[in-house]
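Note sheet for the following structure.
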Amino acid sequence: MQTKTTISVILKDGSKREIPEGSSGIDLAKSISNSLVKKSVGLVLNDELKDITTILKDSDKVEIITQNDPRSYEFLRHSTAHVLAEAVQNLFKDAKIAIGPVIEDGFYYDFEIPSHTLTPDDLMKIEKEMQRLIDEEQQFIRVNINDTDKQLSDFKTQGEKFKAELLEQYKNESPTLYILEDRSGKPVWNDFCRGPHLTNTKQIKAFKLLSVSGAYWRADETKESLQRIYGTSWWSKEELDTHLQKLEEAEKRDHRKLGRQMDLFSMHDETGPGLILWHPSLAYVRKQMEDYWKDLHEKKGYEIVYSPHIAKTDLWDISGHNEFYRENMFYMTVDEQDYVLKPMNCPFHVLIFKSKRHSYRELPIRMAELGTVYRYERSGVMHGLARVRGFTQDDAHIFCRRDQYVEEIKGVIQLIDIIYKGFGLNYFAELSTKPKDAIGTKEIWDFAEAGLEQALKEYGLDYKINPEDGAFYGPKIDFKLKDAIGRVWQGATVQLDFNLPNRFDLKYTEKDGSQQQPVMIHRAIYGSLERFAALLIEHFAGSFLLWLSYKQVIVMPIADRHLEYSEKIYNLLKENNIKAVFDQRAESINAKIRDAELEKIPYMIIIGDKEIADNVISVRAKKKGNLGTLQTNIFIEQILKEIKEKGI
RNA sequence: GCCGAUAUAGCUCAGUGGUAGAGCAACGGUUUUGUAAACCGUAGGUCGUCAGUUCGAAUCUGACUAUCGGCUCCA
């Protein structure tokens, strides 16, 4: 069977390599080095992920993916999902399989199991069965489905209605089946799947099932309700442990947990779900956020406005909310008149603009409001401060001329940059363009998208494009924030709106006397103060920067005889507008320190006989420990400087 | 809203049909302390709500409310 014919493939570095015709990816790896074979997982073949066993053709572009390559997890996790499905079908005979894709850091598989409702206890049993299948060293074999009709009827006989539906959908796209074979070469399980996969289950070294939950077939709530199992899979036990530690760390930072522990906020049955009570410590964080925001906005030429919480439905009829946003709004009737609790601030700002005539000279007009809005969220989706029914937006609307548009967007980007830096947050930008169902002419969309892009470029900000992901009324830039443990949060949005200026027939008088429609930009930087506070809590793990801390310094006398001197220091701090507290309890100094550390108070001042004798204070920093003694006035100077500079 | 789980003291949690518990916090007292927990005591609960089963319910059943994990990732 030896063939003399060779083919030539192009490797990642652009070099060409001669290999015998009929060689697979594994053969290619072997021809390069034996150590490569061991670590090889799959291929990028002509820019597509493919099985390592794929037979190569002349002039293919081939890259061998090893375990060091992040893309190798696609193979691993997808294959682990298959083993999960096989295990579930072994344990629950009437289980039917739906889909099992790879997700960030893991995978899931959806099942319909009429006879059984999965519980967390089942996960251990399933894991055990999975391990048994892995130890059996089953082979993944890819076969083309040549006789679609036969396969369809096979799926139907087996009751695999979801697989049948999928095959029906993909039957013209050279469908493939992955078969798992035991060591004797007997097929033991199969799944209709595009792949790619590993070659053998023994390559699965470290996995864990994480949770069960509900899901719908095809994410459609009118379709079958399925049971979903989430899991994760890694190349080594160490990697898995690191990942599990990361999950644990995230749990420790959970703002709902810290919110209770640190007395930051609460929610009550009596108020209803998704409605937040801000306790003093988090209210101070919010006050600092608001003051910082107002100060910068005034400096940047915004004018602060206020609008009411409710308005007659007439307003929402004009704005279109009553028609398009209906299911998110709270309605009430007073004096036989229907009112709406505002879900957005924009119609009010539009009315302010419309309340008088504007000259082109007045533009841009920048209107800003910390406006509290209410949106009906479905009962199952509320999440601490991050997803609520009542929240305050840091909203602003810019009305400008077309020739001012790009500059205005640049101004917004700059403001976002300044504000996020004040919290020490990193971010990145995404530009979303015209969706399929959009209002407005192509001309105006082109103008708007080009303007957003130009502003990003001129500002020098890197961005990714999300095609067709804009709002129906205009394109947008989203800013995503990255927290201390690498999670991404939705941050600022900048949107262009063609809808409201039209609906409200907004105009200004141009130089030539003509009436023109202004360009309207919506933007929010914190997004919602509630969600941004949640981000800050989790980012700092409750250990806020000094300028955000409700308690900045705690004064702690060692014994009662130090109370008088301590009180003088405490008063001096207060006189200097430092948020100081005084621990007068008859506790040991160790207990006081422990409590202050747990409360995450940035600075502790310890006063005993020595400090009084030398007329100094002992300073201890949260987590850092004893900083030694200082003159009180020097400490005050330093701390005021740190507050002013926001400690970045 | 849907699928599933959970709900006991301010917090974290034990208690599976027979008199409601612990630790921390709170409060009172003693202690006067040198860089992450001094000691003793006191008080605190219609066991989420409402109904049912039972001689008897925190415990079993049902409804409701709230919270938690998901319902966006597509062979």
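Values below: every heavy atom of this structure, side chains too, minus hydrogens, waters and symmetry copies. Computed from a prediction, not measured in an experiment: that's the story for all the values here. Each chain gets a letter, A, B and so on, in the order the sequences are listed, and its residues count up from 1.
- Under the side chain to side chain donor-acceptor pair (under 3.5 Å) criterion, A/E221 pairs with A/R378, sequence neighbours left out.
- Distance, A/R387 CZ to B/G1 P: 14 Å, rounded to whole Å.
- The side chain to side chain donor-acceptor pair (under 3.5 Å) check on A/N328 picks up nothing, with sequence neighbours excluded.
- Here A/H539 and A/W489 keep their ring centres 6.0 angstrom or further from each other.
- Between A/R561 and the phosphate of B/U33, there is a side-chain N or O to OP1/OP2 separation shorter than 4.0 Å.
- For A/D263 and B/A26, the CG to P distance is 13 Å, given to the nearest whole Å.
- Aromatic ring centres of A/F207 and A/W234: separated by at least 6.0 Å.
- Between B/A26 and B/C60, the distance separating the two C1' atoms is 36 Å to the nearest Å.
- Contact check of residues 610-618 of chain A against RNA chain B (heavy atom, cut-off under 4.0 Å) returns A/K610, A/E611, A/S618.
- Listed in residue order, the members of residues 579-594 of chain A having a heavy atom less than 4.0 Å from RNA chain B are A/A586, A/E587, A/S588, A/I589, A/N590, A/A591, A/I593, A/R594.
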Heteroatom pairs (N/O) under 3.5 angstrom, protein to nucleotides 5-16 of chain B:
| from | atom 1 | to | atom 2 | distance (Å) |
| --- | --- | --- | --- | --- |
| B/U12 | OP1 | A/R260 | NH1 | 2.5 |

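- B/G21 and B/U33: their P atoms are spaced 40 Å apart (whole Å).
- Residues A/R531 and A/F391 have side chains not in contact (no heavy-atom distance under 4.5 Å, counting atoms from C-beta outward).
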Output one line per pair: protein atom, nucleotide atom from nucleotides 73-75 of chain B, and distance, for all N/O pairs under 3.5 Å.
| from | atom 1 | to | atom 2 | distance (Å) |
| --- | --- | --- | --- | --- |
| B/A75 | OP1 | A/R194 | NH2 | 2.4 |
| B/A75 | O3' | A/K163 | NZ | 3.3 |
| B/A75 | O3' | A/F192 | O | 3.3 |
| B/A75 | O2' | A/F192 | O | 3.0 |
| B/A75 | O2' | A/C193 | N | 3.4 |
| B/A75 | O2' | A/R194 | N | 2.9 |
| B/A75 | N6 | A/E173 | O | 3.3 |
| B/A75 | N1 | A/T176 | N | 3.4 |

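- Remark: A/T222 pairs with A/D220 by the side chain to side chain donor-acceptor pair (under 3.5 Å) rule, at least two apart or across chains.
- Under the Watson-Crick or G-U wobble criterion, with both distances below 3.5 Å, B/C55 is paired with B/G18.
- Rounded to the nearest Å, the gap between the P atom of B/A63 and that of B/U59 is 16 Å.
- Atom NZ in A/K623 sits roughly 17 Å away from atom C1' in B/U35 (whole-Å rounding).
- For the side chain to side chain donor-acceptor pair (under 3.5 Å) test with A/D191, the passing option among A/H197, A/Q89, A/K163 is A/K163; the others fail.
- Here the two rings, on A/Y109 and A/F111, have centers that are under 6.0 Å apart.
- Pairing partner, B/U46: none, since no Watson-Crick or wobble contact has both distances short of 3.5 Å.
- Only the P atoms considered, B/A57 is 15 Å distant from B/U49, to the nearest whole Å.
- No side-chain N or O of A/Q138 forms a donor-acceptor pair with one of A/T201 less than 3.5 Å apart.
- Across all strands shown, B/U65 pairs with B/A7; the Watson-Crick or G-U wobble distances both stay below 3.5 Å.
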Contact state string [nucleotides 60-68 of chain B, B base, S sugar-phosphate only, - no protein heavy atom under 4.0 Å]: ------SSS
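- Of the P atoms belonging to B/A38 and B/A25, the separation is 10 Å, rounded to the nearest Å.
- Checking A/R594 against A/N590 by side-chain atom types alone, no donor-acceptor pair falls below 3.5 Å.
- No hydrogens or angles were tested; on distance alone, nothing pairs the side chain of A/Y216 with the base of B/C3 as donor and acceptor under 3.5 Å.
- Residue-to-nucleotide proximity on RNA chain B shows that, of A/E221 and A/V619, the 5′-proximal contact is made by A/E221.
- Checked against side-chain contact (heavy atoms from CB on, under 4.5 Å), A/S153 has no partners two or more places apart in sequence or in another chain.
- Nucleotide B/A36: unpaired (no Watson-Crick or G-U wobble partner with both distances less than 3.5 Å).
- Shown here, B/C71 forms a base pair with B/G1; the pair counts as Watson-Crick or G-U wobble because both key distances fall under 3.5 Å.
- The ring-ring contact (aromatic ring centres under 6.0 Å, His included) contacts involving residues 586-620 of chain A comprise A/Y603-A/F635, where partners must be two or more places apart or lie in separate chains.
- Rounded to the nearest Å, the gap between the C1' atom of B/G45 and that of B/C11 is 14 Å.
- Between the CD atom of A/Q227 and the C1' atom of B/G69 there is a distance of 14 Å, given to the nearest Å.
- Following rounding to the nearest Å, A/I554 (CD1) and B/A36 (P) show an atom-to-atom distance of 15 Å.
- In this model, no donor atom of one side chain and acceptor atom of the other lie less than 3.5 Å apart for A/D94 and A/H116.
- Using a 4.0 Å heavy-atom criterion, one finds that A/D609 contacts the bases of the nucleic acid, with or without backbone contacts as well.
- One interatomic measurement links the two molecules: CG of A/D560 to C1' of B/G34, which rounds to 15 Å at whole-angstrom precision.
- Between the side chains of A/Y284 and A/Q552, not a single donor N or O lies within less than 3.5 Å of an accepting N or O.
- A donor-acceptor contact under 3.5 angstrom links the side chains of A/Y178 and A/D51, judged on distance only.
- Spacing between B/U46 and B/A9 at atom C1', rounded to whole Å, works out to 14 Å.
- One atom, CD of A/E599, and another, C1' of B/A36, lie 14 Å apart when rounded to the nearest Å.
- If you take atom C1' in B/G28 and the same atom in B/A43, they sit 10 Å apart, rounded to whole Å.
- Under 3.5 Å, the side chains of A/K622 and A/S543 contain a donor-acceptor pair of N or O atoms.
- When rounded to the nearest whole Å, the span between CG of A/L563 and P of B/U33 equals 13 Å.
- For A/K128, the salt bridge (Lys or Arg N to Asp or Glu O under 4.0 Å) criterion is met by no residue, not counting sequence neighbours.
- Judged as a salt bridge (Lys or Arg N to Asp or Glu O under 4.0 Å), and not counting sequence neighbours, the contacts of A/D47 are A/K61.
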